[in-house]
Amino acid sequence: MRALVRGSDLVGLPVVTLAGDDIAEVRDVVYDPAEGQVIGFTLNKRGRLARRLGRFLAQDRVSAVGANAVMVADETALTEDPPHDRDPGSGNVLADKVLTDSGVLIGTVTDVVVDTESGTVVGYEVEPVDEPAGRHGRRSYVPLPDAGAISGETLIVPASTVDYVASDLAGFAEAVDRFRDLLRGDGS
Amino acid sequence: MRFSDVIKRPVIDLATAADIGRVDDAVVDPVARRVIGFRLKKTPDDARWLAWDQITALGPDALTAATAAAVTVREDAPGRLLRADGVIGGRVLTDQGMELGALADFELDPATGLVVGLLLADGTMIEASALLGIGRHATVIRHQG
């Protein structure tokens, strides 16, 4: 079941075994911008205090990500802490600027958009640079190539990206597909 | 037969024809998809657990057992009480991570104790074969369709 969600929508979701027990909740989404892939999730203990649980849930141990829970087979899905060479959190791209290879600044990243079926990051939620006054808080959705974006201090995306920027998540899945089809066509 | 219809049903000792308790709760094994046993109330002593294999019959008006000794003290048996542990009224979650609302009732086969279906609060009946787990967060079922 394909669904696109913002990374921040996943924060706080319970991690539930197929036996029906909640064993953790999502603290943050760990994302590799170079690969365009969610690596996994850092975790909090369940409960009001939401203290950090020193375990990690790797993407390949997740059986499904739904609107109401992250499902795993059993407790063994949780492993030791994430690899230390990764920056924990999608925070590593937040506030980065998105620039096309033709030199057009699209905006600054406010969130990642995750395809929950594949665990890939298919785009970024951005605050557009051409934000008119009085429309504060409005966001746009920028598709990413299959391969992800070239990232440093700025995320570089193809110039054609600007034609596929969506104003809401509902239409974004289709925009991503069309954008990626276009890129594949260019390459052949 | 619905689990809710079994609640408060008397348990009769067939040896003495005495009323030895009332059904108060039950535990379902989610893997075997059957009732493991019933917790009783109004028993003569602290023994309140009636295992399924100690039941002679689950009839329309009463449960019968061969002897009052069928009712025992429940050991630290695994499994959750459907009422006391909030399985009934608790959330139902698919293996895709989608909530389907609250669990209203279990449909049981009175001859075997097997779960036939799970009734959701919105009236949907889910086939028992979809049942994956009954945990402290949710009853988990395989995604339908």
Side-chain angles (χ1 to χ4, degrees), chain A residues 1-27 29 38 40-41 43-48 50 53 55 57-78 114-120 173, chain B residues 3 26-36 76-106 115 118-122 124 126-145:
Chain A
M1 201 170 10
R2 187 179 185 197
L4 301 187
V5 298
R6 283 181 294 261
S8 59
D9 294 336
L10 301 177
V11 172
L13 280 186
V15 177
V16 181
T17 65
L18 293 182
D21 293 327
D22 50 340
I23 55 175
E25 66 186 46
V26 174
R27 178 188 180 94
V29 181
V38 172
F41 303 92
L43 304 169
N44 277 339
K45 292 174 180 156
R46 287 292 276 163
R48 246 172 239 288
L53 180 69
R55 312 296 295 278
L57 174 59
Q59 173 65 27
D60 61 6
R61 306 302 296 269
V62 171
S63 39
V65 176
N68 307 111
V70 174
M71 305 301 294
V72 295
D74 54 39
E75 287 84 350
T76 64
L78 306 191
V114 180
D115 177 343
T116 57
E117 189 177 74
S118 61
T120 55
Chain B
F3 167 67
V27 173
V28 164
D29 176 347
V31 177
R33 294 164 186 145
R34 67 190 297 264
V35 174
I36 298 173
D76 282 338
R80 304 180 66 76
L81 289 161
L82 300 187
R83 288 181 354 130
D85 291 331
V87 176
I88 301 278
R91 62 171 75 76
V92 176
L93 192 63
T94 72
D95 58 354
Q96 298 298 305
M98 297 277 294
E99 281 181 17
L100 297 183
L103 182 62
D105 214 338
F106 281 88
V115 176
L118 289 80
L119 182 68
L120 305 187
D122 67 1
T124 309
I126 310 271
E127 269 192 48
S129 59
L131 178 61
L132 296 174
I134 300 175
R136 59 175 186 264
H137 181 73
T139 294
V140 180
I141 61 158
R142 194 170 290 114
H143 175 71
Q144 310 282 295

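When reading the values below, keep in mind they use all heavy atoms of this one structure, side chains included, and skip hydrogens, waters and symmetry mates. Protein chains get the first letters and strands the later ones, always in sequence-line order, with residue 1 at the start of each.
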Q: Can you measure from CD (Gln96(B)) to OG1 (Thr116(A)) and round to the nearest 0.5 angstrom?
A: 8.5 Å
Q: With a strict 4.5 Å heavy-atom criterion, list every residue of residues 68-77 of chain A that contacts chain B, or say none.
A: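 Checking residues 68-77 of chain A against chain B gives Asn68(A), Ala69(A), Met71(A).
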Q: For Glu127(B), I'd like to know if atom CD has over 12 heavy atoms of other residues, nucleotides or ligands within 6.0 Å.
A: no
Q: Please enumerate all residues that pass side-chain hydrogen bond (donor to acceptor under 3.5 Å, both in side chains) together with Arg83(B), with sequence neighbours excluded.
A: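 Testing Arg83(B) for side-chain hydrogen bond (donor to acceptor under 3.5 Å, both in side chains), a comparison that skips the adjacent residues, returns Asp24(B).
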Q: Counting only non-hydrogen atoms closer than 4.5 Å, does Leu13(A) touch chain B with its backbone (N, CA, C, O), its side chain (CB onward), both, or neither?
A: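 For Leu13(A), no heavy atom lies under 4.5 Å from chain B.
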Q: Among Ser63(A), Ala19(A), Ala64(A), which has the most heavy-atom pairs under 4.5 Å with chain B?
A: Ala19(A)
Q: Minimum heavy-atom separation for Val140(B) to Leu18(A), with atom names?
A: CB-O, 3.4 Å
Q: Is it the backbone or the side chain of Leu93(B) that comes under 4.5 Å from a heavy atom of chain A, or both, or neither?
A: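 For Leu93(B), the contact with chain A is made by the side chain alone.
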Q: Working to the nearest 0.5 angstrom, can you tell me the gap between Ile23(A) CD1 and His137(B) NE2?
A: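 Output value for this atom pair is 11.5 Å.
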Q: If you count heavy-atom pairs under 4.5 Å between each of Gly20(A), Ala67(A), Gly66(A) and chain B, which one has the most?
A: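 Looking at each option in turn, the highest pair count goes to Gly20(A).
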